There are 2 protein chains.
Amino acid sequence: MNERSRESTRQRILSASQKVFAEHGYTGANMRLIAQGAAVSVGCVYLYFKCKDELYLTLLESWMNELDARTTDALENIVEPAEALAAFITTGIVYAREHKEMVLLQGRDLGFARGLEMKQQFLRKRRSLIEDIVRKGVATGIFCDCDPGEAAKLIFCSMRGFIVTMMMGEEALYSPEAGVELLLNGLLRRDTP
Amino acid sequence: MNERSRESTRQRILSASQKVFAEHGYTGANMRLIAQGAAVSVGCVYLYFKCKDELYLTLLESWMNELDARTTDALENIVEPAEALAAFITTGIVYAREHKEMVLLQGRDLGFARGLEMKQQFLRKRRSLIEDIVRKGVATGIFCDCDPGEAAKLIFCSMRGFIVTMMMGEEALYSPEAGVELLLNGLLRRDTP
DNA sequence: CGATTGACTGAACAATCGTTCACATGAACG
DNA sequence: CGTTCATGTGAACGATTGTTCAGTCAATCG
């Protein structure tokens, strides 16, 4: 018994939780599966965490704290706005890439997979549409010499982010005009003083 | 009994489903609630739809078909790429706004509602950070005279869309460099030939 | 009028899941 | 050695949910 300490068991439970939540989403994750992953009994989990929710929120909070710290670090010695923005975006995205499991922890509840293939097909089609438009713009010289695929991805993500933000009932919804304006003209000033 | 027809009952069930799914998500929606909303028995729902899944997919499919048709219409007489892109984005976003319920139908299952308050606080903070950077850029003349709030929203949504796309296991992930480049410089060509 | 048809009912069933708590075990202590 | 402490167990409980199916009722038909 002494080969297990409270901290070690607690950590094991958190670790297993992360994996199970990431794979199954909150709803799909069940405590038996988590206990199994942590090599403890299901009752043991409740010795360390009050309930399933607390488990999830503990993980979520540590994730947010870490991303916060990372972002603060990245911005520390940057004054120039374009550079700052670049650092902000890059940090966020690279972090998400490195911690895919933490990203997945946020999603993929049971209903998520509902009609997933259909959704993916639909969205793929829409992305292609964007890409075609951008490719045409590049070919005609109206758009800059960018990678149409990458541009389409960014635009696609902007719209998708809008949808999710709406779902969350938040106020961070850009107007179509402002969105289009920024995507076409960019942030950097065009008229040189 | 004859005051109800098959089509009328079926439609009522679909209508009620939409509301319940939108409010509770797939997992949270239960068939008793749907039946209640449709003013039929729970067994009656199964006379029209094989299972809960079929109900959901029927709604999802009709939503996607409608958005598809709308987008096709909007792009029909447009040749210029910047205009086409503007139409595409505007249509998508306006449609989402008008059909919030359909958006929510997709959404509660993303698991984003878990730990919502904590997340909203965290994300609000991040958005403020973006906004400050943009505001500073505008004040120093490096960035164009845009609304920092709107720009921050767009940038925020781009990053958020990235997260969701990753969750969907898709390939539509822009690189940070390309993302930053596009957001700073925009799509429209800067060197005038 | 009895039989048939169409539309519907809701209790029951089986399965699942978060949580509890009486019990177990080993180590340390006096 | 008996007692206490620390760590852990897993069957059982209560609640919930998708689905089924024997039964009901009204309208129509022959």
Side-chain angles (χ1 to χ4, degrees), chain A residues 1-60 105-116, chain B residues 1-60 105 108-109 111 113-116:
Chain A
M1 259 345 133
N2 61 1
E3 55 184 292
R4 298 180 174 190
S5 65
R6 285 195 66 86
E7 202 46 38
S8 159
T9 301
R10 188 174 188 273
Q11 196 46 56
R12 254 188 9 261
I13 293 170
L14 279 174
S15 192
S17 298
Q18 187 172 316
K19 286 185 178 58
V20 176
F21 280 134
E23 185 168 352
H24 300 285
Y26 182 87
T27 309
N30 75 61
M31 302 301 276
R32 289 165 179 80
L33 212 49
I34 288 170
Q36 192 178 351
V40 296
S41 69
V42 69
C44 184
V45 178
Y46 290 91
L47 295 177
Y48 292 86
F49 299 94
K50 206 181 91 193
C51 57
K52 188 177 175 180
D53 234 30
E54 190 180 294
L55 211 35
Y56 182 86
L57 292 181
T58 301
L59 289 170
L60 185 63
L105 184 100
Q106 322 247 356
R108 306 187 111 172
D109 274 337
L110 277 182
F112 183 87
R114 226 47 59 188
L116 186 59
Chain B
M1 274 325 144
N2 62 0
E3 57 184 291
R4 299 179 171 188
S5 66
R6 283 193 68 88
E7 202 46 39
S8 160
T9 301
R10 188 176 188 273
Q11 195 45 55
R12 256 190 4 265
I13 293 169
L14 279 174
S15 190
S17 298
Q18 186 172 316
K19 285 185 180 55
V20 177
F21 282 132
E23 187 170 350
H24 300 284
Y26 181 86
T27 309
N30 75 61
M31 301 302 275
R32 289 167 179 84
L33 213 49
I34 288 171
Q36 191 179 352
V40 296
S41 69
V42 68
C44 184
V45 178
Y46 290 90
L47 295 179
Y48 292 87
F49 299 92
K50 206 179 91 193
C51 58
K52 189 178 177 182
D53 235 28
E54 188 179 297
L55 212 35
Y56 183 86
L57 292 180
T58 301
L59 289 170
L60 185 63
L105 183 99
R108 305 288 191 191
D109 301 312
R114 204 63 51 184
L116 187 59

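Per chain, numbering begins at 1; letters A, B, ... match sequence-line order. Everything numeric here is computed off the predicted structure, so don't read it as measured data. Atoms considered below: every heavy atom in the structure, side chains included; atoms not considered: hydrogens, waters and symmetry mates.
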- Task: State which residues pass side-chain contact (heavy atoms from CB on, under 4.5 Å) with Gln11(B); sequence neighbours excluded, sorted by chain then number.
- Result: Leu14(B)

- Query: Roughly how bent is the helix from dC1(C)-dG30(D) to dG30(C)-dC1(D) end to end, in steps of 10 degrees, with each end axis from five pairs?
  - Reply: 40°

- Message: For Ile13(B) and Thr9(B): C-alpha separation, side-chain torsions, deciding distance, then whether side-chain contact (heavy atoms from CB on, under 4.5 Å) applies.
- Response: CA-CA 6 Å; Ile13(B) 293 169; Thr9(B) 301; 4.1 Å; yes

- In this structure, OG1 of Thr58(B) is separated from NZ of Lys50(B) (nearest 0.5 Å) by 11.0 Å

- Query: Can you tell me how far CD of Glu54(A) sits from CG of Leu59(A), rounded to the nearest 0.5 angstrom?
  - Reply: 11.0 Å

It should be established whether [X] places a side-chain nitrogen or oxygen under 4.0 Å from OP1 or OP2 of nucleotide [N].
X        : N       : result
Tyr48(A) : dT7(D)  : no
Thr9(A)  : dT7(D)  : no
Ser41(A) : dG10(D) : no

Protein-nucleic acid N or O pairs under 3.5 Å, nucleotides 17-22 of chain C:
from	atom 1	to	atom 2	distance (Å)
dG18(C)	OP1	Ala29(A)	O	3.1
dG18(C)	OP1	Lys52(A)	NZ	2.5
dG18(C)	OP2	Met31(A)	N	2.9
dG18(C)	N7	Arg32(A)	NH1	3.0
dG18(C)	O6	Arg32(A)	NH2	2.7
dT19(C)	OP2	Tyr46(A)	OH	2.9
dT19(C)	OP2	Lys52(A)	N	2.9
dT19(C)	O4	Arg32(A)	NH2	3.4

[atom1] of [X] versus [atom2] of [N]: gap in Å, rounded?
X        : N      : atom1 : atom2 : answer
Gln36(A) : dG8(D) : CD    : P     : 17 Å
Arg10(A) : dG8(D) : CZ    : C1'   : 17 Å
Ile13(A) : dT7(D) : CD1   : P     : 12 Å

- Message: Angle between ring planes, Tyr26(A) versus Phe21(A), binned at 30° and 60°: parallel, tilted or perpendicular?
- Response: parallel

Name each donor-acceptor pair under 3.5 Å that joins a side chain in residues 29-42 of chain A to protein atoms two or more places apart or in another chain, with its distance.
from	atom 1	to	atom 2	distance (Å)
Asn30(A)	OD1	Arg32(A)	N	2.9
Asn30(A)	OD1	Leu33(A)	N	2.8
Ser41(A)	OG	Cys44(A)	N	3.1

- Task: Kindly write out the residues that satisfy salt bridge (charged side-chain N to carboxylate O under 4.0 Å, His left out) with Asp53(B), not counting sequence neighbours, or none if the list is empty.
- Result: Arg114(A)

- Looking at Tyr48(A) and Arg10(A), what are the two nearest heavy atoms and their distance? CD2-CB, 3.8 Å

